[in-house]
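One structure is given below, encoded as structure tokens.
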Amino acid sequence: MQEKFSQINTHEDVRNLLTASERINLFPDILKNFIKNGFKAELIKQNPKRKVFRLENKTDSFYLKIFQKQIFPFGILRFYPEKEFDAAKKLQKNNIPVINYLAWGKIKEGGFCISEGIKALPARQFFFSTLIHDPQKTEKFLNNLALMVKMLHEKNFIHPDLHLGNILVRINDEKLFLPDPWGIKQKSSLKKIDKAKLAVPWMELRGSLPDEVLIRYMKKTNMTTPENTENLFGFAAKIYNQKFNHNKKKLSTRILSGKSKFATAVKLENGLCHFRHSNWFSPPENMTIEQNWKMIEFDSIDESKKIWLDSFLKQPPENNPPQAWLIRNDGKANLYYRIK
């Protein structure tokens, strides 16, 4: 186990890690053949605690998650790769759709786990890029979402971070899957706060769909009686907003930085312009002010900044938020909106 978290960065590093198969627990033949036949490894996500590689060849794809060493004694009590693997297998045993995990293993300072890849999009992207303009597909998606939550609830599973970015939609049949089962646990029964956490995807859709529509599909989860669903919806919205408000200062700093998932700032000839990302946090292809956008001019930068921030922080979100915020060289500011 010579590899360290900081030393695994390239395709060759990944290949060397995986060819040492004696360190890998539950190493199925499909994975052995994949490694034997050759593959490409691409680093697609990383932070100080975790790296994610996409492994691909002509026929198959897998995801390799590598975890930094945990502080003692947590590495003994809850070794991340093994716990994530075990959580996935427990969900599978209860017939809850989750990405198939194949193996986990240890490195000198940390560990890793491997899961199968599927052709899918995050539910947030799938909804906002496609479904919002297709009522029939939206109905199917909401039914599938209700079914997934119903299954979690019936088996008394709590999910610490269930949101639309943590749900995948398989392209060929639009079936939903859970991609990151870390932290999912089974209890003897669920409390109201647990049910509120399972309702977070509905909270993320507020403002894009009427509350009465969301409540109608939430009834299908059977998390409570039909007559109490509106009460649970309101409680979930309260908890969601409290958490959101608690993080407002941190979110504001990230938004104004111009280097976040929310917006990107670029220098233009007449000032610094912040461009809004899509609802699934993808930056615009062209960082340019469109000619058909409506412009509102402000003598005060602070006034325009407040409106810009509120467009990200209001719950539920605005229907037509500003797409760009130009801080002009002359000390004034412009906000730009799409014409409805």
Q.
Under the side chain to side chain contact (heavy atoms under 4.5 Å, CB included) test against I158, which residue among L190, I184, L152 passes?
A.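 Per the side chain to side chain contact (heavy atoms under 4.5 Å, CB included) rule, the option paired with I158 is L190, out of L190, I184, L152.
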From [atom1] ([X]) to [atom2] ([Y]), nearest 0.5 Å:
X: Q323; Y: R338; atom1: CD; atom2: CZ; answer: 4.0 Å
X: Y240; Y: R206; atom1: OH; atom2: CZ; answer: 10.0 Å
X: L309; Y: L256; atom1: CG; atom2: CG; answer: 4.5 Å
X: I107; Y: Q68; atom1: CD1; atom2: CD; answer: 7.5 Å
X: L142; Y: M218; atom1: CG; atom2: CE; answer: 12.5 Å
X: I96; Y: L176; atom1: CD1; atom2: CG; answer: 13.0 Å

Q | Stepwise ring-ring contact (aromatic ring centres under 6.0 Å, His included) test for F281 and F262 | A | CA-CA 6 Å; F281 307 124; F262 302 101; 5.8 Å; yes
Can you find a side-chain donor-acceptor pair between [X] and [Y] that sits under 3.5 Å?
X: N100; Y: Q92; result: yes
X: K219; Y: N228; result: no
X: N143; Y: K220; result: yes
X: N9; Y: K51; result: yes
X: K65; Y: Y101; result: yes

Under 3.5 Å, is there a donor-acceptor pair between the side chain of [X] and the main chain of [Y]?
X: T221; Y: Y217; result: no
X: D180; Y: E84; result: no
X: Q46; Y: I44; result: no
X: T229; Y: T225; result: yes
X: D194; Y: K191; result: yes
X: N166; Y: D161; result: yes
X: R276; Y: P322; result: yes
X: K195; Y: L232; result: no
X: N144; Y: E174; result: yes
X: E204; Y: L164; result: yes

For the student: nearest non-hydrogen atoms of [X] and [Y], plus distance:
X: S208; Y: F128; result: OG-CE2, 3.2 Å
X: F34; Y: N57; result: CD1-ND2, 3.2 Å
X: C273; Y: A324; result: SG-CB, 3.9 Å
X: P97; Y: K175; result: CB-CE, 4.0 Å
X: N334; Y: M295; result: ND2-SD, 3.4 Å
X: G207; Y: P316; result: N-CB, 3.8 Å

With a 6.0 Å cut-off on ring centres, are [X] and [Y] close enough?
X: F39; Y: H11; result: yes
X: F67; Y: F112; result: no
X: F233; Y: W202; result: no

Are [X] and [Y] grouped together when hydrophobic residues (ILVMFWY) are joined by side-chain heavy atoms under 4.5 angstrom apart?
X: V98; Y: L147; answer: yes
X: I171; Y: M148; answer: yes
X: Y63; Y: L91; answer: no
X: L272; Y: I301; answer: no
X: I307; Y: I296; answer: yes

Q. So R50 and Y80, side chain to side chain contact (heavy atoms under 4.5 Å, CB included) or not? Walk me through it.
A. CA-CA 10 Å; R50 190 178 74 165; Y80 280 158; over 6 Å; no
Q: Show your working on side chain to side chain contact (heavy atoms under 4.5 Å, CB included) between L145 and I167 and close with a plain yes or no.
A: CA-CA 9 Å; L145 181 60; I167 300 171; 3.8 Å; yes
pair [X]-[Y]: side-chain heavy atoms closer than 4.5 Å:
X: Q186; Y: N94; answer: yes
X: K69; Y: K108; answer: no
X: F85; Y: L102; answer: no
X: M203; Y: P201; answer: no
X: N245; Y: Q242; answer: no
X: W104; Y: E82; answer: yes
X: V149; Y: M151; answer: no
X: K192; Y: N231; answer: yes

(Q) For K40, is there an ion pair with E56 - N to carboxylate O distance below 4.0 angstrom? (A)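 Salt bridge flag = no for K40 with E56.
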Q) Between E297 and R328, is the closest basic N to carboxylate O distance under 4.0 Å? A) yes
Q: Decide side chain to side chain contact (heavy atoms under 4.5 Å, CB included) for L55 and L18; before the verdict, give the C-alpha distance in whole Å, the side-chain angles of both, and the deciding distance to 0.1 Å.
A: CA-CA 11 Å; L55 316 179; L18 297 183; 3.8 Å; yes
Q.
Under the rule for side chain to side chain donor-acceptor pair (under 3.5 Å), what residues qualify as partners of R124, not counting sequence neighbours?
A. none
Q | Listed partners of S304 passing side chain to side chain donor-acceptor pair (under 3.5 Å), at least two apart | A | W325
Q: For the residue pair Y336 and W293, categorise the inter-ring angle as parallel (less than 30°), tilted (30 to 60°) or perpendicular (more than 60°).
A: tilted
Q) For the residue pair W308 and H274, does the interplanar ring angle fall in the parallel (under 30°), tilted (30 to 60°) or perpendicular (over 60°) class? A) perpendicular
(Q) Looking at K187, I want to see if its NZ is surrounded by more than 12 non-hydrogen atoms of other residues, nucleotides or ligands under 6.0 Å. (A) yes
Q. Under 6.0 Å from the CD atom of E227, do we count more than 12 heavy atoms belonging to anything else shown?
A. yes
Q: Please assess I289 against L268 for the test side chain to side chain contact (heavy atoms under 4.5 Å, CB included), listing each intermediate value before the final yes or no.
A: CA-CA 10 Å; I289 297 171; L268 301 182; 4.1 Å; yes
